[in-house]
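To start, the structure itself, in structure tokens.
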Amino acid sequence: MSEHSANPSAAAAGRPRAVKAVIPAAGLATRFLPATKAVPKELLPVVDRPVLQYIVEEAAQAGIGDILLITGRGKTSMVDHFDRRPDLEERLAEKPDLLAAVKRTEELAAIYTCRQPEQLGLGHAVGYAESHVGDEPFAVLLGDEFVKPSEPLLPAMLELQARTGGVVLAFFEVDPAETKRYGIASVEPAEAELTDIGEVVKVTGMVEKPTPEEAPSNLAVLGRYVLPGRIFDAIRRTQPGSGGEIQLTDAMELLRTEGTPVHAIVYRGTRYDTGMPLGYLQTVVQIAAEREDLGSEFRKWLAEFVNSDASGGRDT
Ligand code: UTP
């Protein structure tokens with residue numbers, strides 16, 4: 001588990017950086033059925049690690065050592081992935097690389113868990129974190145997307161939240177024709193605030209899945225949030241919204257209309273979306289192609305395959 005200290009600007013504002021993260025992972029994952037009938041989408045492998053491990057690594061890399069996993073029915077195997085396996089470790093005594101890979105999963109962070117008994121929405125799931133998190137700010141990382149480790153997003157978000165004390169989101173730019181798949185924000189420039197990984201904007205509103213005509217921008221909400229503890233009270237006051245679910249977006253919007261500042265970083269780095277088959281495949285190919293141990297062999301095979309008849313890549 002890694003330690004970190006509050007950064008100087010946050011300390012000047014008298015606010016510490018968030019040190020806990022919540023990973024809501026209780027959803028039904030309908031876009032990936034039937035694979036996800038018995039296997040949580042968070043445990044689908046990207047090369048040799050489950051998606052969830054990349055996400056926990058992203059949090060740990062940002063100095064977060066305390067992670068609450070919100071799980072649901074049939075999802076306890078997610079927690080097992082981070083548990084100790086003395087029997088396996090004993091067997092791997094002669095295989096130091098594998099042993100280190102297995103032990104690494106146990107050492108990334110302290111993992112806590114709680115259950116969302118009914119899937120009533122992302123906001124409802126986050127509400128279950130209240131007794132673990134208390135009044136302090138905390139990060140939320142959705143369990144089906146992650147960013148490239150060399151282009152980290154979370155540290156800048158944590159720092160910005162410590163400065164503003166409000167809600168901090170992250171956006172990525174989408175093709176304007178595709179706004180219907182995402183939560184889309186309306187924004188205005190924030191005064192001269194810059195980060196290494198993207199521009200900071202002030203959020204003036206959010207719309208769930210607008211048509212291109214209705215969309216106020218092409219900035220889509222990425223699955224990373226840093227929230228103040230008062231979000232829990234806002235969730236309690238939030239009525240079911242889109243899809244009959246208690247939406248985190250609606251709770252954040254309630255805070256914003258009551259005066260809580262909401263900022264976002266427009267992320268310019270690489271984001272991997274593993275929540276549905278196409279994005280998952282693209283993620284596996286990209287990560288595999290970049291791996292030091294098997295990347296060069298895989299890239300060579302991939303190039304040959306793409307140009308072969310077998311791939312359908314040639315005209316017939
Ligand atoms: P999604 O909208 O991606 O839903 O939820 P989903 O169930 O995971 O997948 P699809 O859309 O049916 O394919 C966003 C995040 O919120 C969590 C999910 O696990 C996911 O990480 N979530 C959603 C919950 O924890 N509980 C809920 O009731 C809803």
Side-chain angles (χ1 to χ4, degrees), residues 21-44 46 50-56 58-59 67-79 81 111-133 138-147 153-154 169-172 174 178-184 206-210 220-227 231-232 235-236 238-252 271-283:
V22 173
I23 303 182
L28 298 175
T30 55
R31 286 169 297 165
F32 228 130
L33 283 169
T36 46
K37 194 174 164 204
V39 178
K41 69 175 167 183
E42 295 80 9
L43 288 188
L44 294 175
V46 173
V51 170
L52 188 58
Q53 186 175 336
Y54 290 87
I55 294 165
V56 169
E58 186 181 320
I67 295 177
L68 177 70
L69 270 178
I70 317 265
T71 71
R73 203 169 303 113
K75 292 205 155 195
T76 40
S77 48
M78 284 192 306
V79 189
H81 181 70
I111 305 286
Y112 301 88
T113 177
C114 79
R115 283 170 86 93
Q116 182 193 23
E118 266 187 292
Q119 280 55 62
L120 299 181
L122 175 58
H124 181 254
V126 171
Y128 278 88
E130 184 170 15
S131 60
H132 186 82
V133 167
F138 63 102
V140 173
L141 292 83
L142 297 195
D144 59 4
E145 62 181 290
F146 58 96
V147 305
L153 167 62
L154 213 44
L169 308 175
F171 299 147
F172 62 102
V174 294
E178 297 206 331
T179 55
K180 194 99 190 66
R181 288 172 49 198
Y182 304 98
I184 301 289
M206 274 176 284
V207 205
E208 268 305 316
K209 304 184 171 66
V221 179
L222 197 151
R224 299 290 177 269
Y225 312 75
V226 188
L227 303 169
I231 192 71
F232 296 116
I235 290 171
R236 267 192 294 280
T238 299
Q239 299 303 314
S242 163
E245 295 188 334
I246 297 175
Q247 298 288 353
L248 184 61
T249 305
D250 294 342
M252 293 188 304
R271 161 186 173 270
Y272 304 106
D273 181 357
T274 60
M276 53 191 162
L278 180 61
Y280 171 75
L281 285 174
Q282 290 165 336
T283 302

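Just so you know, these numbers come straight off a predicted model, no measurement behind them. Both ligands and their constituent atoms are indexed starting at 1 by order of listing.
Between Y272 and F146, the ring planes are tilted. Angles from 30° to 60° get that label.
Under a 4.0 Å heavy-atom criterion, I70 is not in contact with ligand 1. The shortest heavy-atom distance from G143 to ligand 1 is under 4.0 Å.
Nearest protein heavy-atom contact of atom 16 (O) of ligand 1 is L122 CD1, 3.4 Å. Annotation: atom 1 (P) of ligand 1 to nearest protein heavy atom, R31 NH2, 4.2 Å. The nearest heavy-atom contact from the protein to atom 25 (O) of ligand 1 is A26 N, 2.9 Å. In this structure, atom 14 (C) of ligand 1 lies nearest to the protein heavy atom L142 CD1, 4.1 Å. Of the protein's non-hydrogen atoms, K41 NZ, 4.5 Å is the one closest to atom 4 (O) of ligand 1. Summary of contacts: the protein heavy atom closest to atom 12 (O) of ligand 1 is T30 OG1, 2.5 Å.
In terms of polar-atom proximity, defined here as any N/O pair under 3.5 Å, P24 does make such a contact with ligand 1. Residue-to-ligand polar distances place G121 within reach of ligand 1: an N/O pair is separated by less than 3.5 Å. When only interatomic distances are considered, the shortest N/O to N/O separation between G27 and ligand 1 falls below 3.5 Å.
Taking a cut-off of under 4.0 Å to the non-hydrogen atoms of A125, the atoms of ligand 1 that pass are 24 (C), 25 (O), 26 (N). Atoms of ligand 1 lying under 4.0 Å from any heavy atom of D144, numbered from 1 in the order shown and given with element: 3 (O). Remark: ligand 1 atoms within the under-4.0 Å shell around heavy atoms of L28 are 7 (O). Residue-ligand proximity, Q119 to ligand 1, at heavy-atom distances under 4.0 Å covers atoms 28 (O). For ligand 1, the atoms sitting less than 4.0 Å from at least one non-hydrogen atom of L120 are 28 (O), numbered in the order shown with element in parentheses.
For atom 19 (O) of ligand 1, the nearest protein heavy atom lies closer than 4.0 Å.
Judged purely by atom type and a 3.5 angstrom limit, E145 has no side-chain atom pairing as donor or acceptor with the backbone of G275.
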Give the C-alpha distance, both sets of side-chain angles, the deciding distance and a yes or no for side chain to side chain contact (heavy atoms under 4.5 Å, CB included) between V51 and T283.
CA-CA 10 Å; V51 170; T283 302; over 6 Å; no
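Note that NZ of K41 is 3.5 Å distant from CG of D144, once rounded to the nearest 0.5 Å. With rounding to the nearest 0.5 angstrom, the CD atom of E130 is 11.0 Å from the CD1 atom of I231. For the atom pair CZ (F232) and CG (L227), the distance works out to 8.0 Å, reported to the nearest 0.5 Å.
With Q116, E118, E42 as candidates, the residue nearest to atom 27 (C) of ligand 1 on a non-hydrogen basis is Q116.
Counting only residues at least two apart or on different chains, no side-chain hydrogen bond (donor to acceptor under 3.5 Å, both in side chains) pair has a member in residues 27-40.
Summarising the local packing, CD of E118 is surrounded by 12 or fewer heavy atoms from other residues, nucleotides or ligands at distances under 6.0 Å.
Shown here are the side chain to side chain contact (heavy atoms under 4.5 Å, CB included) partners of Q247, two or more places apart in sequence or in another chain: S242, E245, D250.
If you look at F171 and Y182, their ring centroids are not closer than 6.0 Å.
Just one of I111, T113, L52 meets the side-chain contact (heavy atoms from CB on, under 4.5 Å) condition when paired with M78; it is L52.
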